[in-house]
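Heads up, the thing below is written out as structure tokens.
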Amino acid sequence: MQQVNLGIIGGGTVGSGVYHHLQVNGALLESRLGIKIGLRRIAVKALDEPRPYAIPESLMTTDWTTVVNDPEVHVVIELVGGTTIAKTIILTALKLGKPVITANKALISAYGEELFAAAQKHGTNLYYEASVAGGIPIIKVLREGFVGNRITHLYGIVNGTCNYILTRMKLEGSDFEPTLRDAQHLGYAEADPSLDIDGFDSEHKIGILGSLAHGIWIRPGDIHVEGIRPVGKTDIEFAGKLGYTIKLLGVVKSVEKAVKSKKAERKSIQVSVYPALIPNTHVLASVNHVFNAVFVRGDVVGDTLFYGRGAGKDATASAVLSDIADAALDLKHQTRRRIPPFVSHASDTEVLPIDDAVCRYYVRLSVIDKPGTLARIATILAASKIGISSVIQPEGHEGESVPLILMIHDAPNSAMKKALAKISKLPVVKAPPVLLRVETFD
Ligand code: HSE
């Protein structure tokens with residue numbers, strides 16, 4: 001095949017970005033691949049919908065079926081998002097044996113197994129580089145670049161909105177709510193911000209990366225998710241005094257089980273999303289504003305870091321162009337299957353429930369400053385074999401409410417939760433505690 005024709009479904013931010021960059025760099029792509037790339041049609045929601053780059057009206061249609069069913073369209077690019085019509089589009093194209101490119105993390109996260117099975121059944125491929133961390137080619141890195149490694153640890157700052165908010169809170173000493181409102185006003189956060197700030201967007205992405213790293217399907221229900229709403233300016237300030245920065249982290253790591261079970265011989269991994277204190281000396285602490293970064297540790301390669309823009313019309317288009325190149329070459333060379341994305345090569349791996357995960361913690365309490373307060377708290381922790389590694393209490397007036405910050409040595413999540421529930425009930429504790437994890441990247 002010397003010419004590959006594309007059909008794009010979705011002409012919004014990403015779709016028009018792909019169109020624009022195909023115009024600018026299409027010839028470069030063609031010369032590198034030795035294949036002509038044609039663009040047949042772009043299906044859009046409405047011809048006059050706002051888009052960052054103009055698309056000629058002659059290329060647009062509002063009927064996606066005419067694009068997918070066009071026998072001259074060899075590769076279908078799904079850029080509509082969501083998990084309903086997008087799924088129908090992809091399955092329709094795969095059933096026709098057409099390779100599909102998608103940027104849809106929510107869809108892959110929810111229905112990946114079904115979609116990859118459909119691609120395999122119909123002898124074609126599904127490409128999804130743009131689904132995680134936009135311009136960072138992390139899917140290719142895990143799937144191909146590190147195919148000879150066991151991935152023991154993967155940490156990702158994969159949500160630009162949260163990273164932007166946390167960065168501004170740190171730089172300006174501002175609190176969460178006003179910073180979120182300002183981010184919405186400036187267009188950095190959605191009017192309904194829940195997908196981003198409650199950690200679900202990171203959950204989709206980290207599930208895909210964890211699945212690739214470990215060869216098993218990690219379902220959204222397997223992932224422990226906490227967002228950034230509980231993080232206050234006080235936490236950012238005290239974390240700073242202790243030498244840490246707070247980031248929303250996606251975490252996939254091989255772990256020793258705290259609680260040995262009959263299945264103890266199985267390998268365990270922890271897959272979570274939570275705001276974490278990370279040492280200022282770690283490179284991820286310097287990933288600021290809307291930038292994303294993924295830190296991967298392989299048993300052969302050691303520590304690696306991938307940094308770039310995680311979203312937006314241009315960074316995401318870069319990932320789609322890379323998938324276009326792969327799809328075109330695979331069609332030319334009739335490569336039906338690349339390195340399989342998710343196979344049972346690690347079927348002896350299980351996702352550990354968060355309750356069994358062990359880590360260090362930061363706890364912020366609001367307590368009455370009076371004799372015996374710290375002793376009561378320490379007694380409850382000691383009864384659960386939980387050790388305090390450091391304490392900060394700013395000087396206040398006796399009898400008044402003050403913040404009390406405790407750094408906690410390694411402890412199982414379940415023990416920490418139970419101890420904190422008891423501490424919350426003490427009459428000297430005046431507000432619900434804030435519990436954050438501390439990542440040391442050991
Ligand atoms: N809303 C995401 C972010 C980008 O803020 O990173 C799309 O995944």
Side-chain angles (χ1 to χ4, degrees), residues 10 12-18 51-52 77-83 86 101-112 127-139 154-170 176 179-212 220 223 225-229 231 246-251 273-276 284 287-295 306-320 322-323:
T13 303
V14 180
S16 70
V18 172
R51 50 181 65 93
I77 305 176
E78 179 278 305
L79 301 171
V80 295
T83 53
I101 294 168
T102 181
N104 195 330
K105 72 224 81 173
L107 189 68
I108 301 270
S109 166
Y111 298 109
Y127 305 83
Y128 52 104
E129 186 61 70
S131 67
V132 180
I136 305 174
I138 191 66
I139 304 285
L154 184 151
Y155 301 91
I157 295 173
V158 288
N159 186 271
T161 306
C162 288
N163 206 34
Y164 176 80
I165 291 172
L166 291 173
T167 302
R168 282 198 48 193
M169 285 172 72
K170 182 175 176 183
F176 173 74
T179 314
L180 169 63
R181 277 197 298 276
D182 200 46
Q184 287 172 313
H185 179 68
L186 294 169
Y188 286 105
E190 301 284 342
D192 176 2
S194 177
L195 183 68
D196 292 315
I197 64 172
D198 293 320
F200 304 119
D201 175 75
S202 297
E203 175 190 32
H204 297 150
K205 294 168 179 170
I206 218 66
I208 295 171
L209 296 185
S211 301
L212 269 173
I223 305 172
V225 181
E226 293 172 25
I228 62 168
R229 285 185 208 262
V231 180
I246 300 178
K247 295 286 180 193
L248 185 72
L249 272 193
V251 176
V273 172
Y274 45 64
L284 284 180
V287 176
N288 285 323
H289 300 287
V290 294
F291 279 89
N292 282 198
V294 185
F295 179 90
F306 303 87
Y307 171 89
R309 285 186 190 278
K313 58 191 191 308
D314 305 314
T316 312
S318 167
V320 174
S322 157
D323 278 348

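All values below were derived from every heavy atom in this structure, side-chain atoms included, with hydrogens, water molecules and symmetry-related copies excluded. Counting starts at 1 for both ligands and their atoms, following the listed order. Here the structure is a predicted model, which is why all the values come from computation and not from measurement.
Using the six-membered ring where Trp is involved, Tyr155 and Phe295 have ring planes that are tilted, between 30° and 60° apart. Taking the six-membered ring for Trp and thresholds of 30 and 60 degrees, Phe291 and Tyr307 have nearly parallel ring planes, at less than 30 degrees apart.
Between Lys205 and Ile138, the closest side-chain pair of non-hydrogen atoms is not below 4.5 Å.
Polar contact check, Gly160 against ligand 1: a nitrogen or oxygen pair lies under 3.5 Å apart. For Asn292, no nitrogen or oxygen atom sits less than 3.5 Å from a nitrogen or oxygen atom of ligand 1, counting backbone and side chain alike.
Taking each of Asn104, Leu248, Ile197, Asp196 in turn, the one with a heavy atom nearest to atom 2 (C) of ligand 1 proves to be Asp196.
Formation of a donor-acceptor pair under 3.5 Å by the Asn163 side chain with backbone atoms of Val287 is found in this model. Using a distance-only test at 3.5 Å, with no hydrogens or angles considered, a donor-acceptor pair links the side chain of Gln184 to the main chain of Ala191.
Within the structure, ligand 1 lacks Glu190 among the residues with a heavy atom less than 4.0 angstrom away. Using 4.0 Å as the threshold, Lys105 has a heavy atom nearer than that to some atom of ligand 1.
The part of Asp201 lying near ligand 1 is the side chain, judged by heavy-atom distances below 4.0 Å.
Taking a cut-off of under 4.0 Å to the non-hydrogen atoms of Asn159, the atoms of ligand 1 that pass are 2 (C), 3 (C), 5 (O), 6 (O). Close approach to Lys205 involves these atoms of ligand 1, each under 4.0 Å from a residue heavy atom: 2 (C), 4 (C), 6 (O), 7 (C), 8 (O).
Under the 4.0 Å criterion applied to side-chain N and carboxylate O atoms, Arg309 and Asp314 are not assigned as salt-bridge partners.
For atom 5 (O) of ligand 1, the closest non-hydrogen atom of the protein is Thr161 OG1, 2.5 Å. Nearest to atom 4 (C) of ligand 1 among the protein's heavy atoms is Ala311 CB, 3.5 Å.
Side-chain polar atoms of Asn159 and Lys247 form no donor-acceptor pair below 3.5 angstrom.
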